Protein chains: 2
Amino acid sequence: MSDFEAFPELDRLVHEPGRLAIAAVLNAVDQADFLFLLKQTGLTRGNLSSHTAKLEAAGYIDIEKTFVEKVPRTVYRLTPAGQKALNRYRRHMRKVLEALED
Amino acid sequence: MSDFEAFPELDRLVHEPGRLAIAAVLNAVDQADFLFLLKQTGLTRGNLSSHTAKLEAAGYIDIEKTFVEKVPRTVYRLTPAGQKALNRYRRHMRKVLEALED
DNA sequence: CAAACCGGTTTGTATTACAAACTCAGTGTA
DNA sequence: TACACTGAGTTTGTAATACAAACCGGTTTG
């Protein structure tokens, strides 16, 4: 039998569906601004804001605020630590799914 | 690009790692008692109790309390609804992982 | 100049996951 | 008979979330 004990060790920061979506988008496009993330993830602005704040606090993404033609523009990017975390999560979740196949 | 919007639609009842472990064990062995689940999932007794209660409330498992030689024995089993939910979750999560591969 | 809009952030609330404390029956054991 | 002790769960208290609604500072539009 598989080691089901490992299930609860999933990185909950990444595991949360909203944040997983954010991470997945950033992983795919390398860099994105607020509106793009909003559209892609389907989150509300409030949730997007707080989730990105949490990911930043964990060092998984970094947030760069600039102005383009006097309009604020925030760009989000996965950090190396974030990529690692995402890869770990992916491996971990793949095992979980395998355990579910049997 | 994948439909990251679908990420947040993951069934959170199943998504929670502790409950996912419970469901996975029950899926594998078809039936288990409290102590067995406890060992396999690595959860504490309190958490195991409340997670199973939640799964039961959702109709995903059923809980049968019996006495064996005057000693209480509780047996947990995945219901058809629970199996369906688990399968849905599996498919959903597989897509999520695929979206992460690209 | 006021109203709407954009790009977010803060706040309030309801849910939750967790562990510690509790319950209650049966089992030594003196 | 009394008295810990264990085994099998459940209840309770608390801290952490996730969520949406309200807010806010600038900017464009009417």
Side-chain angles (χ1 to χ4, degrees), chain A residues 4-26 31-58 60-77 85 89, chain B residues 4-26 31-58 60-77:
Chain A
F4 299 108
E5 293 191 36
F7 283 31
E9 285 154 25
L10 284 162
D11 183 344
R12 284 165 190 274
L13 221 74
V14 178
H15 190 56
E16 208 292 316
R19 286 191 298 261
L20 188 54
I22 295 171
V25 173
L26 291 181
Q31 167 176 113
D33 62 20
F34 192 83
L35 279 191
F36 185 77
L37 282 179
L38 202 60
K39 294 248 170 73
Q40 292 294 321
T41 62
L43 293 168
T44 62
R45 295 191 315 265
N47 290 338
L48 180 54
S49 175
S50 61
H51 282 317
T52 51
K54 218 157 266 190
L55 287 171
E56 186 192 26
Y60 285 0
I61 66 176
D62 61 29
I63 304 185
E64 194 188 322
K65 289 172 183 304
T66 59
F67 282 85
V68 175
E69 314 282 331
K70 309 253 176 182
V71 176
R73 180 155 193 274
T74 309
V75 174
Y76 304 86
R77 205 176 287 104
Y89 180 81
Chain B
F4 299 108
E5 293 190 36
F7 284 31
E9 285 156 23
L10 283 162
D11 182 345
R12 283 163 191 276
L13 220 72
V14 178
H15 190 56
E16 207 293 316
R19 286 191 297 262
L20 188 54
I22 295 172
V25 173
L26 291 181
Q31 168 178 110
D33 61 20
F34 193 83
L35 280 190
F36 186 76
L37 282 179
L38 202 59
K39 295 247 171 73
Q40 293 292 321
T41 62
L43 294 168
T44 61
R45 294 190 315 256
N47 290 337
L48 180 53
S49 176
S50 61
H51 281 317
T52 51
K54 218 155 265 191
L55 288 170
E56 187 191 27
Y60 285 1
I61 65 174
D62 61 26
I63 303 184
E64 192 188 323
K65 289 170 185 305
T66 58
F67 282 85
V68 175
E69 313 281 332
K70 309 253 175 178
V71 176
R73 180 154 193 274
T74 309
V75 174
Y76 304 86
R77 207 177 283 102

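So you know, we letter chains A, B, ... as the sequences are listed, proteins then strands, and number each from 1. All figures in this text were calculated on a predicted structure; none of them were measured in a lab.
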At their closest point, which heavy atom of Leu20(A) faces which heavy atom of Val14(A), and how far apart are they? CB-O, 3.3 Å

Tell me whether the side-chain N/O atoms of Lys65(A) come closer than 4.0 Å to OP1 or OP2 in dT9(C). yes

Pair Glu16(B) + Arg12(A): basic N to acidic O under 4.0 Å: yes

Nearest-0.5 Å distance, CG of residue Leu55(B) to CD1 of residue Ile61(B): 5.0 Å

Whole angstrom value for the distance that separates C1' of dT10(D) from CD1 of Ile63(B): 11 Å

Whole angstrom value for the distance that separates P of dG7(D) from CZ of Phe36(B): 19 Å

Length of the CD1-P vector between Ile22(B) and dG9(D), whole Å: 13 Å

Classify the nucleic acid contact of Leu38(B) as base, sugar-phosphate or nothing, counting any heavy atom under 4.0 Å across all strands shown. nothing

N/O (side chain, Ser49(A)) to phosphate O (OP1/OP2, dT9(C)) under 4.0 Å: yes

Measure from the side-chain heavy atoms of Tyr76(B) and tell me the nearest of dG7(C), dG9(D), dA17(C). dG9(D)

Between Arg45(A) and dA22(D), is there a contact of a side-chain N or O with OP1 or OP2 at under 4.0 Å? no

Give a yes/no on whether any side-chain N or O of His51(A) is located under 4.0 angstrom from OP1 or OP2 of dT17(D). no

To the nearest Å, how far apart are Leu10(A) CG and dC18(C) P? 12 Å

Where each residue is assigned the nucleotide of DNA chain D containing its nearest heavy atom, which of Ser50(A) and Leu35(B) is assigned the position nearer the 5′ end? Leu35(B)

Could you label the plane-to-plane angle of the His15(B) and His15(A) rings as parallel, tilted or perpendicular, counting under 30° as parallel and over 60° as perpendicular? parallel

Whole angstroms only, please: what is the CZ-P distance between Phe67(A) and dG25(D)? 14 Å

One pair to check against side-chain contact (heavy atoms from CB on, under 4.5 Å): Phe34(B) and Arg45(B). What are the steps and the verdict? CA-CA 9 Å; Phe34(B) 193 83; Arg45(B) 294 190 315 256; 4.0 Å; yes

So what does Leu48(B) touch, heavy atoms closer than 4.0 Å: a base, only the sugar-phosphate, or nothing? nothing

Toward the 5' end of DNA chain C, by each residue's nearest nucleotide, Asp33(A) or Arg12(A): Asp33(A)

Please check the phosphate of dC19(D) (OP1 and OP2 only) for any side-chain N or O of Thr44(A) closer than 4.0 Å. no

Leu43(B) has an atom CG; how far is it from atom P of dT10(D), in whole Å? 14 Å

Write down the distance between CD (Glu16(B)) and C1' (dC18(C)), rounded to a whole number of angstrom. 10 Å

Value in whole Å for how far the P atom of dA21(D) lies from CG of Asn47(A): 10 Å

